[in-house]
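Read through the structure below, which is laid out as structure tokens, and then see the notes.
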Amino acid sequence: MSVLRGRQFFMHPGPTNIPDRVLRAMDRPASDFMGKDFLEMRFRCADRVRAILKSKEAVVVFYASSGHGAWEAAVANTLSPGDKVLVCQSGYFSENWAIMAKAFGAEVETLTTPDRKAVDPKAVEARLAKDDAREIKAVLVVHNETSTGTKHPVAEIRAAIDRAGHSALFMVDTISSLVSFDFRMDEWKVDVVVGGSQKGLMLPPGMSFTGVSEKAWNASQSARNPRRYWDWRNLVENKRQARFCGTAPIHFFFGLEASLAMIEEEGLENIFIRHRRLADATRACVNAWSAGGGPEVYPVDAAAASDSLTAVLMPKGHNAEDVRRIAEGRFNVALGRGLGALDGRVFRIGHMGDLNEPTMLGALSAVEMALKVAKVPHGKGGLDAAMAVLAA
Ligand SMILES: *Cc1c(COP(=O)(O)O)cnc(C)c1O
């Protein structure tokens, strides 16, 4: 095996690059996780995360867990066995959230979405309008489907729920959209926001959180699902998280303070602009490759393409794993694999978190070289197209 020198360009769409400043902030001894200093620091972190959610009142509850834990917290706290739940199909992550809801006894109905398309708000409205008995207790949507690189229209789905006059809880997974593109908890009346540490927040994997609206909090008081680790009633006092079920993930909060400082210094809206620019450059590059039957951006509508990652669909007869293997093994650029049904059919280029233009261009050139080595047909001029976007 050849030795690869230099720093790996880590282009997974989660976990993402952890800035040195975050790593340094976490490099310290353990401390009293029940002490006053730590409690106050946690309160400050919750206030700052609430601001990122664009919410004034949400209760922010952190968990020592992967994002799956926050999914589980959302359904365990708000639903009762037998409750009907409408899951907007978007791909691997919506399917797995649905599995979680089913495991808690929910009766899951999946609203189908055609391949390579965003969820249709009109379909949500039509389904809810037919629910005369108001059996549907929650609508579950993944804001950014990380398996397909597709963003789904949360604001428009909110408007659809309102047009149907439906009272279902609105739960949104923002694990790979938060801090990458716009999300507005209060304005879009989202009842439970699910977030994770290892994507736009630039932390290691292992901490997740939920933003909880007053409506969701009230629902949790009478919900009959079994829960212990996730139970908001045990974790929250006076609308603030008072404790964890067990030892708090102390070091994540030191890291979070650093990542929040970085986010506040750059400014959320500037971060969105940076993500859009890197995403536009990546898409321009892939669109050039797509000429003459080459790889394509997965979502067909440009408006649905995610600003946090690009899923690249391989031409028939070519395996995405070959491209990934060559990019990583020969050029030290790590790409995301295809998940579930898209295994081998797509590779994913993450462009969220702590990234800049030269890293993006370096990664794209490695992908183009990997396409060449793997003998995948592709159009010319991808890098030029990307540079034109970045230099504009
Ligand atoms: C990464 C991701 C998850 C799962 O997070 P884990 O920390 O791996 O459990 C869920 N939803 C979306 C949209 C994601 O991108």
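Residue numbers count from 1 along this sequence. Remember, it's 1-based here, ligands and their atoms both numbered in the order they're listed. Heavy-atom basis, side chains included; hydrogens, waters and symmetry copies ignored.
- The pair Asp132-Arg134 fails the salt-bridge criterion, with no side-chain N (NZ, NE, NH1 or NH2) lying under 4.0 Å from an Asp/Glu carboxylate O.
- The shortest separation from a heavy atom of Glu145 to ligand 1 is not under 4.0 Å, leaving the residue out of contact.
- The cationic atom of Arg276 (NZ for Lys, CZ for Arg) does not lie both less than 6.0 Å from the six-membered ring centre of Phe181 and within 45° of the ring axis.
- The residue from Leu342, Asp322, Val323 that alone fulfils the side-chain contact (heavy atoms from CB on, under 4.5 Å) condition with Met314 is Val323.
- Figure legend: cation-pi geometry between Lys199 and Phe93, with NZ or CZ positioned under 6.0 Å from the six-membered ring centre and within 45° of its axis.
- Contact annotation: Trp71 has at least one heavy atom less than 4.0 Å from an atom of ligand 1.
- No more than 12 heavy atoms of other residues, nucleotides or ligands shown are found within 6.0 angstrom of NZ on Lys117.
- A distance below 6.0 Å separates the ring centres of Phe62 and Phe253.
- The single protein non-hydrogen atom nearest to atom 3 (C) of ligand 1 is Phe93 CE2, 3.4 Å, given as residue, atom name and distance.
- Within the listing of ligand 1, atoms 12 (C), 13 (C), 14 (C), 15 (O) sit less than 4.0 angstrom from a heavy atom of Thr146.
- Taking every heavy atom of Gly67 and a limit of under 4.0 angstrom, the matching atoms of ligand 1 come to 5 (O), 6 (P), 7 (O), 9 (O).
- Defined by atom type and a distance below 3.5 Å, a donor-acceptor pair is missing between the side-chain atoms of Trp97 and Asp173.
- At a heavy-atom distance under 4.0 Å, only side-chain atoms of Val142, from C-beta outward, approach ligand 1.
- Among protein heavy atoms, the minimum distance from atom 11 (N) of ligand 1 is reached at Asp173 OD2, 2.6 Å.
- Here the heavy atom of the protein found nearest to atom 8 (O) of ligand 1 is Gln198 NE2, 3.8 Å.
- Under 4.0 angstrom from ligand 1, there are no non-hydrogen atoms of His143.
- Ion pairing of Arg277 with Asp280 is absent here, as no side-chain N (NZ or NE/NH1/NH2) approaches a carboxylate O to less than 4.0 Å.
- Ion pairing of Lys122 with Glu125 is absent here, as no side-chain N (NZ or NE/NH1/NH2) approaches a carboxylate O to less than 4.0 Å.
- For atom 9 (O) of ligand 1, the nearest protein heavy atom (residue, atom name, distance) is His68 ND1, 2.5 Å.
- Close contacts between ligand 1 and Ser176 involve ligand atoms 13 (C), 15 (O) [criterion: under 4.0 Å to a heavy atom].
- Looking at Lys199 against ligand 1, only its side chain comes within 4.0 Å, counting heavy atoms.
- Listed by atom number, the atoms of ligand 1 under 4.0 Å from Asn144 heavy atoms are 13 (C).
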